Amino acid sequence: MYEWLEQVLKEQYQFVKCLRNTDKNEIVVLEHKTLKKRIIKRSFSGNSEVYKKLLTLKHKNMPEILEVTEFEDKSLVLEEYIDGKTLHELLGNGDNFNDLKENQVSEMVCELCDILSFVHSFNIIHRDIKPENIIIEKDTQTLKLIDFDSSRDYKKYYPRDTIYLGTPGYAAPEQYGDTSTDFRADIYSAGVMMNVMLTGKFPQVQLHHGKLQNIIEKCIQVSPDKRFQTAEELKRSLK
Amino acid sequence: MMKKCKYCGKEIHENASFCPYCMNKLIDTESIFKKKRNYLNFKKILVICITLIIVVFLCILIVCVKKNNPENVKSTENTDTAIDYSAYIGTWYSKEITEPDDIYKDGGSAVQIFSIDDRIAEISLSTVQSSPMNRVATTDKIYGEVNGNVIQFHFQNDGWMSSGDGTITLLNDTIYAEVVYTYKDPSALWSLDHANIFYLLDSETSD
């Protein structure tokens, strides 16, 4: 099916732009030549188990996965195209940093908690929560969590995470170490991201001072047991 | 090896879950709704059933009161915005149907309004596939909330274990019904029409 799909994509779609191109992973935007509708095509090496699971799931805060196929060690995933800007682009950086108000951050993180609760309930950990992986859809202003490349199914008693996959700064300490990561790693990253949304800096560099400070601090506890235990619990604390 | 896309008819790979020609997804997805649905326990179902029974009882009571005291009821209604709901009671068919039996020949949809007042309507929606398959999706009798000329309803099972919400808009000579599925069972082979305008058959309007 991999080859069949590649062939049809070549015939029916035109290349729009490349979003990422590394030796392991390529993400491109394609547009249907007659329907003029866009899709995202991800090609990567390694297994696509998590995308196969997402293929049967739907949530307003994530793009719909349309197709998953494998050939030898290559995987190809087609995904709904979201028209909008990433949170990273919206925040800007350096002197052009546009900080967000606490209530805007609360609203966005509540939406993030909705999608995290949803995927966690299917034993999926995202493991790469960061502003680059959040898109705010242009028309609806809905938050969309993208890029499940780093996530894999959560297996209890899994001995250790062998390869480092997360983004430095956002990854929970246990993602570097010996203990296996669980859903609470996403809570950690959400906490770091909240701080970045408010200050433009990692909490270790400059912790936000305000109403959300306690919530951020609880998210980024080194011990997972001291954090919010579920995304729902984090959402409740924001209301 | 190959199958036909159910939307555009093009030949696609048998394992495809997305048609790259017409860009439609071919498999049904599990939404947040289904997760919630799993939490529906026996107690909740019992409460819903009891509520429905009470609603039916109230409906019958209201209908009886209206029949016995037509003038009395009329005087209490707001005459400016009053809608003659009783005119909508009956079976409404999609346009191509001229005889009730046509629905089983050429396929089509029907909306039945069993009873309706300014608060509650007892309805059912069905869509039949053309012969010889004649697959039927039907909500059976369900209750909808009436607001002016709009009936809002939720259906738990369309006969294929799929569920969703919908609205019926009362437009004098026609009604317009719209259905949005919130959960589609992966094994479902048929479903209700997404949106349609419905008409009363001449035989029914003559009286």
Side-chain angles (χ1 to χ4, degrees), chain A residues 1-14 30-42 48 51-71 76-81 111 113-124 231-232, chain B residues 1-41 44 154-158 160-166 178-192 194:
Chain A
M1 175 155 107
Y2 189 99
E3 284 164 330
W4 168 81
L5 188 60
E6 281 276 31
Q7 186 59 37
V8 180
L9 289 176
K10 226 172 260 174
E11 288 165 12
Q12 303 289 322
Y13 292 75
Q14 62 193 34
L30 301 177
E31 187 174 271
H32 195 288
K33 283 177 187 166
T34 49
L35 297 172
K36 299 288 172 204
K37 265 170 72 181
R38 291 181 174 190
I39 46 167
I40 299 280
K41 179 186 153 204
R42 295 175 176 274
S48 54
Y51 282 106
K52 279 186 193 153
K53 212 168 198 179
L54 290 170
L55 187 62
T56 59
L57 306 178
K58 194 176 179 176
H59 192 279
K60 70 175 174 60
N61 297 118
M62 69 176 189
E64 192 171 2
I65 303 300
L66 305 167
E67 187 66 278
V68 182
T69 176
E70 285 169 355
F71 180 66
L76 192 162
V77 173
L78 297 182
E79 183 180 307
E80 179 192 2
Y81 173 78
E111 279 192 273
C113 287
D114 287 341
I115 181 64
L116 286 179
S117 302
F118 182 68
V119 295
H120 288 173
S121 73
F122 291 97
N123 284 348
I124 297 167
E232 257 166 51
Chain B
M1 273 304 281
M2 301 298 267
K3 65 177 176 186
K4 280 202 167 144
C5 167
K6 63 177 174 185
Y7 296 103
C8 69
K10 286 253 170 59
E11 284 236 312
I12 53 172
H13 196 277
E14 62 172 346
N15 296 329
S17 46
F18 169 76
C19 173
Y21 295 102
C22 66
M23 300 186 85
N24 278 305
K25 199 168 179 180
L26 305 165
I27 57 162
D28 294 311
T29 44
E30 190 166 4
S31 67
I32 194 163
F33 188 77
K34 194 192 177 185
K35 283 302 271 183
K36 281 190 177 162
R37 216 171 69 125
N38 293 341
Y39 300 134
L40 264 186
N41 55 25
K44 280 186 183 166
H154 168 77
F155 61 93
Q156 195 60 32
N157 182 359
D158 66 353
W160 296 89
M161 301 307 288
S162 303
S163 46
D165 303 303
E178 213 176 71
V179 166
V180 177
Y181 274 92
T182 48
Y183 167 68
K184 271 204 177 175
D185 192 84
S187 56
L189 299 170
W190 192 241
S191 59
L192 290 169
H194 152 67

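On a predicted model such as this, the values are computed, not experimentally measured, just so you know. Below, chain A is the first sequence line, B the second, and so on; all start at residue 1.
Dense packing is recorded around CD of A/Glu31, with more than 12 heavy atoms of other residues, nucleotides or ligands lying under 6.0 Å away.
Using a 4.5 Å cut-off between heavy atoms, A/Leu66 touches chain B through backbone and side chain atoms alike.
Contact detail for A/His32 and B/Tyr21: the closest heavy-atom pair is NE2-O, 2.7 Å. Between A/Leu55 and B/Lys25 the shortest heavy-atom distance is O-NZ, 2.8 Å. Taking all atoms of both residues into account, the shortest heavy-atom contact from B/Asn15 to A/Met1 is C-SD, 3.6 Å.
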List the atom pairs, donor and acceptor, that lie under 3.5 Å between side-chain atoms in residues 5-14 of chain A and the rest of the protein, sequence neighbours left out.
| from | atom 1 | to | atom 2 | distance (Å) |
| --- | --- | --- | --- | --- |
| A/Glu6 | OE1 | A/Lys41 | NZ | 3.2 |
| A/Gln7 | NE2 | A/Glu11 | OE2 | 3.3 |
| A/Tyr13 | OH | B/Pro20 | O | 2.7 |

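For B/Phe18, there are no ring-ring contact (aromatic ring centres under 6.0 Å, His included) partners at least two apart in sequence or on another chain.
Distance NE2/B/His13 to CD/A/Glu3: 9.5 Å, rounded to 0.5 Å.
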